[in-house]
Asks: 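Input: one structure, supplied below.
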4 protein chains.
Amino acid sequence: MSSPSLPHPCAAELPKRERRKEARPGELLDAALDLFVEKGYAATKVDEVAARAGVSKGTLFLYFASKEELFKAVVRENIAGRFQLWNEEFERFEGSTADMLRYCYSSWWEHVGSTRASGITKLMLSEAGNFPEIAQFYQQEVADPGQQLIRRMLQRGVECGEFRACDIDCAVYAVLAPLIFLTLCKHTMATCVPEAFRTAPQGFLDIQLDILLQGLCAPAGTPIATR
Amino acid sequence: MSSPSLPHPCAAELPKRERRKEARPGELLDAALDLFVEKGYAATKVDEVAARAGVSKGTLFLYFASKEELFKAVVRENIAGRFQLWNEEFERFEGSTADMLRYCYSSWWEHVGSTRASGITKLMLSEAGNFPEIAQFYQQEVADPGQQLIRRMLQRGVECGEFRACDIDCAVYAVLAPLIFLTLCKHTMATCVPEAFRTAPQGFLDIQLDILLQGLCAPAGTPIATR
Amino acid sequence: MSSPSLPHPCAAELPKRERRKEARPGELLDAALDLFVEKGYAATKVDEVAARAGVSKGTLFLYFASKEELFKAVVRENIAGRFQLWNEEFERFEGSTADMLRYCYSSWWEHVGSTRASGITKLMLSEAGNFPEIAQFYQQEVADPGQQLIRRMLQRGVECGEFRACDIDCAVYAVLAPLIFLTLCKHTMATCVPEAFRTAPQGFLDIQLDILLQGLCAPAGTPIATR
Amino acid sequence: MSSPSLPHPCAAELPKRERRKEARPGELLDAALDLFVEKGYAATKVDEVAARAGVSKGTLFLYFASKEELFKAVVRENIAGRFQLWNEEFERFEGSTADMLRYCYSSWWEHVGSTRASGITKLMLSEAGNFPEIAQFYQQEVADPGQQLIRRMLQRGVECGEFRACDIDCAVYAVLAPLIFLTLCKHTMATCVPEAFRTAPQGFLDIQLDILLQGLCAPAGTPIATR
DNA sequence: GATGAATGAGTGTTCATTCAT
DNA sequence: TATGAATGAACACTCATTCAT
């Protein structure tokens with residue numbers, strides 16, 4: 001029914017050398033992402049990256065003009081065009097806004113938080129100061145679209161009476177904060193939180209959602225934050 | 001024969017040279033904190049630190065055995081022993097737990113978030129991987145006590161019926177996340193959030209408290225997070 | 001069965017592939033000469049040479065064992081065996097020695113000075129220090145025969161009473177200097193002399209000849225250079 | 001009456017370290033000039049320069065920002081402001097123009113040709129192509145003033161009837177060529193000419209002067225260069 | 001104690017050369 | 001034969017650290 005032994009259809013026709021050439025940039029970006037996330041930009045040596053990718057230092061420079069370009073490529077490569085998909089899902093979504101928020105957290109964890117892509121956020125937080133150009137790119141490609149999406153969600157909730165009115169600008173960050181926090185727990189606060197929390201944070205996300213939704217859904221006139 | 005206007009009581013009796021000598025380490029730590037926070041560990045040159053402190057490079061090494069020791073000293077020095085005071089305040093506090101949480105956020109912003117001490121958190125997030133020893137120290141001195149304090153607050157709220165029962169381990173992080181988030185906004189996500197948000201985040205903290213308290217205070221049986 | 005218009009007689013009978021193969025070394029030497037002369041030995045990359053010759057880097061090493069060998073081949077290849085011809089012309093020459101000298105300058109410009117062969121002299125002047133072996137070869141093949149030829153010309157002039165007696169060893173260099181100077185003007189002092197001078201130096205050569213001949217032809221007893 | 005043992009008056013008051021600091025740039029430029037002239041720019045390693053100056057590589061970079069800056073400094077440093085002095089001498093000169101030309105050659109040999117300053121000319125001839133900026137500087141500071149001086153000398157000779165009229169632009173180069181030639185003999189054509197010629201070329205310069213002056217001084221109507 | 005000149009191990013980058021295809 | 005991906009030795013340059021003054 002299926003061809004029993006062809007390793008990979010598109011690779012089958014290329015001589016080994018060629019296949020490697022196509023794979024090289026990816027393998028290098030792969031190795032580089034790991035090391036940059038683990039040790040930071042400065043502490044990562046290009047020899048290490050090359051070695052981890054199984055090539056020599058010279059080969060790395062065949063594909064990336066400099067360490068800085070390698071870093072930029074790592075960031076660009078891993079910033080998925082996920083926001084377009086998420087925006088489309090937002091448009092089509094027919095359930096409650098609460099469910100939408102739940103889906104949003106869950107999808108984030110599945111496609112970003114639990115994957116190596118989350119390392120990019122850590123990199124930005126650590127290195128943004130030294131790469132303003134990249135930081136701006138990240139903001140345009142990730143930060144701004146993300147905040148927009150959350151804002152639209154909250155506005156939807158308020159407009160259809162599901163959420164009480166509130167300062168949406170601030171509420172956006174209330175939604176965002178737990179995701180950022182979780183990312184950091186995974187990458188740089190490892191020892192500060194229990195292992196289970198980092199690898200299977202569904203409980204944390206659920207609690208956050210509960211609290212958020214309880215907070216956002218309270219009747220409009222609820223007297224809160226009295227002091 | 002005695003100078004009539006003494007600038008500083010403890011410095012009064014020392015000749016100028018001596019006074020400076022005592023002040024040196026502090027001035028160096030001061031300069032170092034700023035630079036480490038701004039540029040990261042690797043990108044900070046010891047010459048810069050010395051220059052900013054107004055001394056020569058050699059002098060820096062008179063007080064700190066190495067750049068690494070300087071870094072560690074910066075972290076240690078700025079990790080205030082504030083938790084002892086906060087713990088005492090917790091013991092004495094007589095108001096509602098909601099008010100206690102409000103006081104906690106407010107005090108954190110006043111004594112940590114709005115001060116340079118918040119830079120230490122940023123440093124830990126960026127450099128912890130390369131300084132495990134320091135990371136552990138930070139955890140013992142800051143992370144653990146902080147989480148303990150929050151936990152006790154939440155337990156108090158639950159025990160006296162103010163908060164509904166919930167997974168306290170996770171709720172701790174719900175309280176913590178906004179503070180971490182705010183710290184990052186100030187130090188590494190500057191361009192991602194409005195200026196006003198970073199320098200005067202009372203609105204953000206209020207919203208967070210509202211949402212948190214609404215979420216935590218909901219009647220025990222409140223049906224939430226159905227899915 | 002025979003192609004009607006043969007582009008080149010000796011290439012006619014070979015299939016295209018073969019022809020190219022034979023032409024390869026020449027094309028490479030061609031490209032290399034240009035680049036070595038223009039940029040110097042060290043600043044010339046073998047990739048550039050290969051690219052200019054329209055082949056890959058690997059192919060270059062098929063024909064020349066190393067960059068150094070390529071350089072040596074460039075020099076050897078372009079050191080014309082012109083001296084044999086010139087020597088024969090010298091033997092047969094029947095006019096005055098002054099005319100012979102004029103012919104010599106003119107022929108040098110036509111066959112060396114105005115052609116790329118003059119680049120070899122520039123190369124020697126620039127790189128001889130790093131290629132003693134090649135420098136020696138150049139001396140044997142070019143410098144010595146050239147000086148010999150000039151010497152014989154001057155001796156002929158003196159012997160037949162056309163030129164006054166003088167230190168011939170030094171006079172040789174008086175004849176040589178303008179040619180060396182002209183070569184340098186073309187290749188490395190471009191900006192120091194007017195454009196017209198470099199590309200059409202007949203005027204310069206004429207003046208030089210005038211001065212030289214006036215100087216060499218003065219009556220034997222002419223009191224000169226008194227001081 | 002004289003202090004018997006003070007090594008150097010101006011150095012006596014400085015501590016040894018300080019003195020060295022002032023001497024360092026000069027020592028490095030010294031070493032660099034030798035090596036650049038001997039081996040060319042690319043083949044000269046900064047370590048070698050440092051070693052020859054008796055310091056470490058790091059020290060070199062304390063005084064010169066890069067290898068290129070070192071090279072430029074070498075050229076600038078050795079391009080004496082000799083032309084100002086020569087111009088003044090020209091203004092004051094009261095003898096014949098022939099004597100002036102003799103003095104000119106002799107002074108050039110004494111102050112340039114026989115010294116290491118002549119190495120700069122060799123450097124320019126070899127490396128100008130790779131350092132256009134330096135080449136321009138050299139032209140302005142050396143080539144142009146030199147040609148100007150020669151031109152004025154020739155004009156003086158023609159105007160006072162000593163020299164016959166001729167194309168002065170070309171005659172300038174006739175005067176220049178032997179000096180360039182001699183420089184090259186010393187630095188890159190060493191093996192092409194006898195040892196004595198390079199180190200004591202007075203004979204050569206005399207002959208050149210004789211020929212030049214015979215050529216330039218011939219009566220205006222002398223029939224020359226007939227062809 | 002304070003200085004800053006000197007150091008040299010370490011790193012990013014280049015490029016002639018090799019060799020599997 | 002021709003290719004061009006891969007290599008690694010070599011080099012310019014940095015910067016934490018030392019130490020004579």
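Below, read A as the first sequence line, B as the second, and so on, with proteins coming before strands; counting in each chain starts at 1.
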Asks: Measure the distance from CD on A:E48 to P on E:dG10 and round it to the nearest whole Å.
Replies: 14 Å
Asks: List the residues meeting salt bridge (charged side-chain N to carboxylate O under 4.0 Å, His left out) with C:K57, not counting sequence neighbours, and say none if there are none.
Replies: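 Scan of C:K57 (salt bridge (charged side-chain N to carboxylate O under 4.0 Å, His left out), adjacent residues dropped) gives C:D47.
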Asks: Ignoring the backbone of D:K57, work out which of E:dG10, E:dG1, E:dT3 is nearest its side chain.
Replies: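 Selected nucleotide: E:dG10.
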Asks: Do you know which two heavy atoms are closest between C:K67 and C:A42, and how far apart they sit?
Replies: NZ-O, 3.6 Å
Asks: Checking the side chain of D:Y41 only, and the main-chain atoms of D:E68 only, is there a donor and an acceptor separated by less than 3.5 Å?
Replies: yes
Asks: Nearest-Å distance, CZ (C:F71) to C1' (E:dC15)?
Replies: 18 Å
Asks: Would you mind classifying the nucleic acid contact of B:F64 as base, sugar-phosphate or nothing, using non-hydrogen atoms under 4.0 angstrom?
Replies: nothing
Asks: B:E48: which residues meet the salt bridge (charged side-chain N to carboxylate O under 4.0 Å, His left out) condition with it, sequence neighbours left out?
Replies: B:K39
Asks: Nearest-nucleotide wise, let me know which of D:K45 and C:L60 is further upstream toward the 5' end of DNA chain F.
Replies: C:L60
Asks: Measuring to OP1 and OP2 of E:dA5, would you say a side-chain N or O of D:T59 lies under 4.0 angstrom away?
Replies: no
Asks: Using a 3.5 Å cut-off and no angle test, enumerate the donor-acceptor pairs between side-chain atoms of residues 128-137 of chain A and protein atoms at least two apart in sequence or in another chain.
Replies:
residue: A:E133; atom: OE1; partner: A:K72; partner atom: NZ; Å: 2.8
residue: A:E133; atom: OE2; partner: A:K72; partner atom: NZ; Å: 3.3

Asks: Between atom CG in A:D47 and atom P in E:dT14, what is the gap in whole Å?
Replies: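 Spelled out: CG on A:D47 to P on E:dT14 is 14 Å.
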Asks: Between atom CZ in A:F61 and atom C1' in E:dT11, what is the gap in whole Å?
Replies: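 Going from CZ in A:F61 over to C1' in E:dT11 covers 9 Å.
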Asks: Tell me, please, which residues at least two apart from D:S66 pass side chain to side chain donor-acceptor pair (under 3.5 Å).
Replies: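 D:S66: no side chain to side chain donor-acceptor pair (under 3.5 Å) contacts found.
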Asks: Of A:L62 and D:Y41, whose nearest nucleotide on DNA chain F comes first from the 5' end?
Replies: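 First, find each residue's nearest nucleotide; the 5'-ward one identifies A:L62.
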Asks: Report the distance from atom CG of B:L70 to atom P of F:dC15, rounded to the nearest whole Å.
Replies: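 Computing the B:L70:CG to F:dC15:P distance gives 16 Å.
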Asks: Looking at B:Y63, does any N or O in its side chain come under 4.0 Å of the phosphate oxygens OP1/OP2 on E:dG1?
Replies: no
Asks: Please give me the minimum heavy-atom distance between A:L125 and B:S126, naming the atom from each residue.
Replies: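 For A:L125 and B:S126, the tightest heavy-atom pair comes out as O-OG, 4.0 Å.
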Asks: Just how far, in rounded Å, is C1' of E:dG10 from NZ of B:K67?
Replies: 14 Å
Asks: Could you write out DNA chain E as dot-bracket? Rules: Watson-Crick or G-U wobble, both distances under 3.5 Å, brackets [ ] for crossings, | for pairs with another strand, dot for unpaired.
Replies: .||||||||||||||||||||
Asks: Can you measure C:E68 atom CD to E:dC15 atom C1' for me and round it to whole angstrom units?
Replies: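 My rounded result for the distance is 16 Å.
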Asks: On DNA chain E, compare the nucleotides closest to A:T44 and C:S66; which residue's is nearer the 5' end?
Replies: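 Nearest nucleotide further toward 5': that of A:T44.
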Asks: Sequence neighbours left out, what passes salt bridge (charged side-chain N to carboxylate O under 4.0 Å, His left out) with D:R116? Give chain and number order.
Replies: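 Expected list: D:D30, D:D34.
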Asks: Hey, is the side chain of D:S56 poking within less than 4.0 Å of OP1 or OP2 on E:dT7, counting only N and O atoms?
Replies: yes
Asks: How would you label the contact of D:V46 with the nucleic acid (heavy atoms, under 4.0 Å): base, sugar-phosphate, or nothing?
Replies: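 If one applies the 4.0 Å heavy-atom cut-off, D:V46 turns out to touch the sugar-phosphate alone, with no base involved.
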Asks: D:V55 or A:A42: which one's nearest nucleotide on DNA chain E is closer to the 5' end?
Replies: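 Per heavy-atom nearest nucleotide, the more 5' residue is D:V55.
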Asks: Would you mind reading off the distance between B:E69 atom CD and F:dT17 atom C1', rounded to a whole angstrom?
Replies: 14 Å
